[in-house]
Amino acid sequence: MRRGLTSWCTVLMAAAVAAGCAPGGGTGADRPGPAAATAAASPSASASASDGRKPLTWRQELRITDALQRLTKQCMNRQGFEFHEERALSLDESRPVTYVQDDVAWARTHGYGSRIDAKAQRAREANPIGTYRQGLPAPRRTAFDLALDGGGDARVLTAPLPAGGEIRKRLGGCTEEAEHTLYGDPAEWFRTSKIAMGIGGLYRDRLLRDPELTAALRAWSRCMHAAGYPYKDPQAARDATRARGLQPGADGSGEAFATERRTAAADATCARHTSLRAVTTARETYHRDRLRDRFGKDLDTHLRLGHRAYGRAVRIVPERD
């Protein structure tokens with residue numbers, strides 16, 4: 001789930017209170033980079049649900065994340081603790097920058113989101129949860145941790161990964177209560193979300209070699225060359241822009257950012273001219289659907305639980321401004 005869709009565990013780790021969060025755990029993921037040339041939306045965006053449900057949009061996923069924070073805050077407040085809801089980014093700033101970025105207006109304003117990323121990083125570093133927790137007396141600090149995630153005695157969820165191995169996270173306390181309120185079954189959500197987010201690795205190489213996708217990328221590259229940007233794919237354009245911004249003396253609020261915005265706008269314009277988003281999404285869907293005999297039921301469950309969570313989230317928090 002992307003920048004703006006900061007995972008619950010990321011929020012808590014930034015506040016130094018998430019000892020129970022395993023890497024990749026929580027309700028979503030930070031701003032996703034491309035899984036090589038994979039699709040331009042959320043991990044579930046190309047799942048073909050048997051009941052016709054459409055994948056959640058990033059705006060819906062963000063609202064679920066905000067609802068989880070609100071529910072956790074309410075639970076912690078009932079137990080006598082303060083809790084901060086993170087809302088550093090506006091709705092527009094929370095838009096994910098995915099492999100194919102074809103919103104020209106957004107790119108002209110935000111480039112590839114470097115200034116937004118910096119703003120989000122400052123917010124994570126200044127997160128008041130950690131400061132509040134550290135200011136508590138030791139017994140109260142222990143009680144805070146217990147209330148938040150159940151402490152060391154909380155149950156441990158385990159999820160197998162599509163490519164092998166497994167991932168775990170500890171779940172208890174107000175975190176579990178919030179997830180249960182939204183998803184109904186936190187363990188099933190955790191398990192299926194790891195499948196939905198990890199399945200791309202199984203078809204990544206086939207997607208990279210897909211003739212329709214590679215043809216679309218060549219068309220995008222020709223368009224960019226004509227505009228004065230000699231890049232082979234969107235990731236190369238982003239990497240070059242990032243490297244320039246990191247050079248000694250680069251001014252992130254001056255010429256470096258202006259260059260980023262110009263490059264991103266050309267990238268988005270060429271993506272529109274070549275229908276790169278539509279091709280990328282269609283080809284990922286094709287390769288993903290070849291795995292439905294193994295993972296279709298889990299992908300459909302993940303989608304169903306996500307829609308359940310969103311239906312409940314809209315009654316808990318408004319959409320961000």
Side-chain angles (χ1 to χ4, degrees), residues 1-10 21-65 67-68 96-100 157-169 171 178-180 182-207 277 280-313:
M1 298 184 136
R2 35 220 110 214
R3 176 180 27 76
L5 296 181
T6 307
S7 76
W8 190 230
C9 285
T10 301
C21 288
T27 64
D30 293 331
R31 176 173 69 103
T38 56
S42 67
S44 60
S46 57
S48 300
S50 59
D51 62 1
R53 283 189 178 91
K54 293 183 179 180
L56 293 176
T57 67
W58 65 268
R59 295 170 66 145
Q60 291 172 319
E61 292 177 337
L62 177 62
R63 199 160 179 181
I64 292 171
T65 300
L68 283 166
V97 179
T98 49
Y99 182 71
V100 180
L157 305 183
T158 302
L161 301 175
E166 63 181 26
I167 189 168
R168 299 178 180 182
K169 81 166 181 176
L171 185 67
E179 290 195 16
H180 185 271
L182 288 183
Y183 298 111
D185 188 341
E188 190 71 348
W189 169 253
F190 177 66
R191 186 185 67 79
T192 58
S193 67
K194 297 306 113 179
I195 291 173
M197 287 189 287
I199 193 175
L202 299 183
Y203 58 78
R204 171 183 176 275
D205 291 341
R206 292 193 297 277
L207 182 61
R277 176 183 291 275
T280 304
T281 302
R283 299 320 296 163
E284 182 174 26
T285 299
Y286 172 83
H287 291 287
R288 192 181 186 96
D289 283 351
R290 304 286 74 74
L291 298 171
R292 284 194 62 82
D293 58 337
R294 294 171 57 189
F295 301 107
K297 182 178 179 180
D298 291 325
L299 293 175
D300 290 347
T301 297
H302 177 256
L303 204 54
R304 175 176 55 79
L305 294 178
H307 276 276
R308 172 190 290 174
Y310 178 71
R312 295 172 177 176

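- Separation of atoms CG (Asp185) and OG1 (Thr301) is listed at 10.0 Å; rounding is to 0.5 Å.
- Between His287 and the options Asp205, Leu207, Ile199, a side-chain contact (heavy atoms from CB on, under 4.5 Å) holds for only Leu207.
- The two atoms that bring Thr57 and Gln60 nearest to each other are N-OE1, 2.8 Å, heavy atoms only.
- Counting heavy atoms from C-beta outward, Glu284 and Thr281 have side chains that stay 4.5 Å or more apart.
- With sequence neighbours left out, Leu161 forms a side-chain contact (heavy atoms from CB on, under 4.5 Å) with Ile167, Lys194.
- Separation of atoms CG (Asp298) and CD1 (Ile195) is listed at 3.5 Å; rounding is to 0.5 Å.
- Tyr203 and Arg288 share a side-chain donor-acceptor pair at under 3.5 Å.
- With hydrogens and angles disregarded, a donor-acceptor distance shorter than 3.5 Å links the side chain of Arg277 to the backbone of Val100.
- By the 4.0 Å N-to-carboxylate-O rule, Glu166 lies close enough to Arg168 to be salt-bridged with it.
- Looking at every heavy atom in both residues, Gly306 comes nearest to Ile64 through O-CD1, 3.6 Å.
- Geometrically, Arg283 engages Tyr286 in a cation-pi contact defined by less than 6.0 Å to the ring centre and at most 45° from the axis.
- Considering every non-hydrogen atom in both Arg63 and Ala313, the closest pair reads O-CB, 3.9 Å.
- Here the shortest heavy-atom pairing between Pro162 and Gly198 reads CG-C, 3.7 Å.
- Residues forming a side-chain contact (heavy atoms from CB on, under 4.5 Å) with Arg294 (at least two apart in sequence, or on another chain): Leu202, Leu291.
- Without hydrogens or angle criteria, Arg191 side chain to Ala159 main chain gives no donor-acceptor distance under 3.5 Å.
- Leu68 is listed as a side-chain neighbour of Tyr183, based on a closest heavy-atom distance under 4.5 Å.
- Every residue two or more places apart in sequence or in another chain was checked for a side chain to side chain donor-acceptor pair (under 3.5 Å) with His307, and none qualifies.
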Audit row: Leu305, Glu188, side-chain contact (heavy atoms from CB on, under 4.5 Å) steps and yes/no: CA-CA 9 Å; Leu305 294 178; Glu188 190 71 348; 3.9 Å; yes
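- Rounding to the nearest 0.5 Å places CH2 of Trp189 at 15.0 Å from NE2 of His180.
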Dump the intermediate steps for salt bridge (charged side-chain N to carboxylate O under 4.0 Å, His left out) on Lys169 and Glu179, then the final yes or no. CA-CA 13 Å; Lys169 81 166 181 176; Glu179 290 195 16; 2.9 Å; yes
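- One finds the CZ atom of Arg304 at 12.5 Å from the CG atom of Leu299 (value rounded to the nearest 0.5 Å).
- For the atom pair CZ (Arg292) and NZ (Lys297), the distance works out to 12.5 Å, reported to the nearest 0.5 Å.
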